[in-house]
Amino acid sequence: MKIKVTDDIDLRKIAYSGQCFRWKELEDDRFLIVAFGTYVIASQTGDEICLESEYDIDEQLWVEYFDLRRNYSEIVDNIDREDTFLYNAGQYGRGVRILHQDPFETLISFIISQRKSIPAIKTSIEKICAACGRELGVVEGEKVYAFPTPLELYSVPIEKLEDCSLGYRLPYVMEAARHFYQEPDLLDRMNEMSDEELKEMLLEFYGVGDKVASCTMLFGFARLNTFPIDVWIRRALDQKYINGFPFSRYEPYNGIMQQFIFEYYRGKK
DNA sequence: AGGCAGGCGCTCC
DNA sequence: GGAGCGCCTGCC
């Protein structure tokens with residue numbers, strides 16, 4: 001399947017943007033993307049995204065996933081030119097989009113992410129998927145597993161999870177899985193909530209603080225105004241915005257600005 | 001080979 | 001309500 005995109009998109013930038021952990025680069029600029037209980041192999045030629053899979057491809061699902069209904073180039077063009085740092089960050093980050101990922105997977109992934117490097121996060125998540133996720137097939141000689149459902153994760157024997165490099169995060173993961181499993185309408189309720197209510201609720205989860213809650217909202221609930229602050233963003237803000245970041249100017253897309261800043265600042269180190 | 005990660009909970013004030 | 005500390009472990 002091919003999807004024509006009339007907006008900024010760059011699969012490579014997205015793949016390495018730190019928001020997704022189950023993209024794997026294959027040869028020839030192709031990316032294996034496992035999400036929503038299925039997978040695709042994505043590649044890009046100019047403004048055309050090609051998706052291939054042994055499974056049926058639900059175009060609307062992936063349009064939603066890549067947030068293709070939103071016009072990012074317009075958002076980049078709206079950046080204040082006087083703000084040289086943000087303007088440059090926007091240009092540098094052109095093509096990055098905020099993925100609309102599965103909320104449960106996003107929550108668990110960012111719980112795991114605390115005090116871990118990105119390679120370590122990926123390793124841990126892959127182990128979890130292999131331990132209790134559904135087997136989806138074989139791609140380039142490697143088995144592909146779906147991210148587990150709350151039930152699959154909650155009911156896996158604890159010994160198997162102990163081999164997944166979770167460390168002290170193990171009880172955090174189990175608690176979150178239990179919540180989602182035992183409360184089937186939880187997700188619907190969360191989707192109905194305002195940003196403030198959702199944040200409050202996520203913070204009640206054991207092991208979830210401000211950073212993890214914010215990342216879950218931005219990357220898993222498509223709350224694009226959420227502005228996660230990690231050590232990199234903290235440094236960037238302290239250095240470039242002594243008088244505070246102009247959040248009101250970039251509503252309702254502060255989260256996209258955060259992503260640009262993150263890419264740019266981390267890239268330049 | 002040892003410090004350090006894209007934090008958080010808990011325990012003090 | 002804020003500062004200080006311990007935490008698992010893989011990765012560079």
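Lettering of chains follows the sequences in order, A, B, ..., and the numbering in each one begins at 1.
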Exercise. Give me the ring orientation class for A:Trp23 and A:Phe66: parallel if the planes are under 30° apart, tilted from 30 to 60°, perpendicular past 60°.
Key: perpendicular
> Contact class for A:Gly209 vs. all strands (heavy atom < 4.0 Å): base, sugar-phosphate, or nothing?
Replying inline: sugar-phosphate
Quote, to the nearest angstrom, the P distance that separates C:dC5 from B:dC4. 15 Å
A:Glu175 CD to B:dG9 C1', in whole Å, measures 14 Å
Between CZ of A:Phe110 and P of B:dC8 the distance, given in whole Å, is 12 Å
Rounded to whole Å, the CZ-C1' distance (A:Arg234 to B:dG7) equals 15 Å
Sorted by chain and number, sequence neighbours left out, ring pair (Phe, Tyr, Trp, His ring centres under 6.0 Å) with A:Phe260 holds for none
Rounded to whole Å, CZ of A:Phe262 lies from C1' of B:dA5 at a distance of 12 Å
Open item on the list: We want to know whether A:Ser124 and A:Lys116 form a side-chain donor-acceptor pair, criterion being a heavy-atom distance below 3.5 angstrom.
Closed with: no
Taken in chain and number order and not counting sequence neighbours, the residues that satisfy salt bridge (Lys or Arg N to Asp or Glu O under 4.0 Å) with A:Arg235 are none
Here the helical stems involving DNA chain C, each at least 3 consecutive Watson-Crick or G-U pairs closer than 3.5 Å, sorted by first residue number, are B:2-5 with C:9-12, B:7-13 with C:1-7
Applying ring pair (Phe, Tyr, Trp, His ring centres under 6.0 Å) to A:Tyr241 and not counting sequence neighbours gives A:Phe245
Write down the distance separating the P atoms in C:dG4 and B:dG6, rounded off to the nearest Å.
23 Å
Between A:Arg235 and A:Asp210, whichever has its closest DNA chain B nucleotide further toward 5' is A:Arg235
From the candidates B:dC8, B:dG6, B:dG9, the one with an atom nearest any side-chain atom of A:Tyr206 is B:dG9
Between the protein and nucleotides 8-12 of chain C, are there any N/O to N/O pairs under 3.5 Å, and if so, what are the atom names and distances?
| unit_1 | atom_1 | unit_2 | atom_2 | d |
| --- | --- | --- | --- | --- |
| C:dC8 | O2 | A:Arg169 | NH1 | 3.0 |
| C:dC11 | OP1 | A:Thr123 | OG1 | 2.9 |

Rounded to whole Å, CG of A:Leu170 lies from P of B:dG9 at a distance of 15 Å
Nearest-nucleotide check on DNA chain B, A:Gly207 vs A:Asp230; residue mapping nearer the 5' end is A:Asp230
**Q.** Euclidean distance for P, C:dC8 against B:dA1 (whole angstrom)
**A.** 25 Å
Donor + acceptor pair across side chains of A:Gln91, A:Tyr264 (<3.5 Å): no
Answer yes if the side chains of A:Ser194 and A:Glu197 hold a donor-acceptor pair under 3.5 Å, and no otherwise.
-> yes
| query | Across the strands shown, which category fits A:Ser17 at heavy-atom distances under 4.0 angstrom: base, sugar-phosphate, nothing? | reply | base
Here the distance between atom C1' of B:dG7 and atom CG of A:Leu203, to the nearest Å, is 12 Å
message: Checking side-chain polar atoms at under 3.5 Å, does A:Tyr72 have a donor or acceptor matched by the opposite partner on A:Arg97?
response: no
*Between the side chains of A:Glu82 and A:Tyr87, does any donor sit under 3.5 Å from an acceptor?*
no
Across all chains, not counting sequence neighbours, the side chain to side chain contact (heavy atoms under 4.5 Å, CB included) partners of A:Met1 are A:Ile3, A:Ile57, A:Glu59
To the nearest angstrom, the CD-C1' distance between A:Gln114 and B:dC4 comes to 15 Å
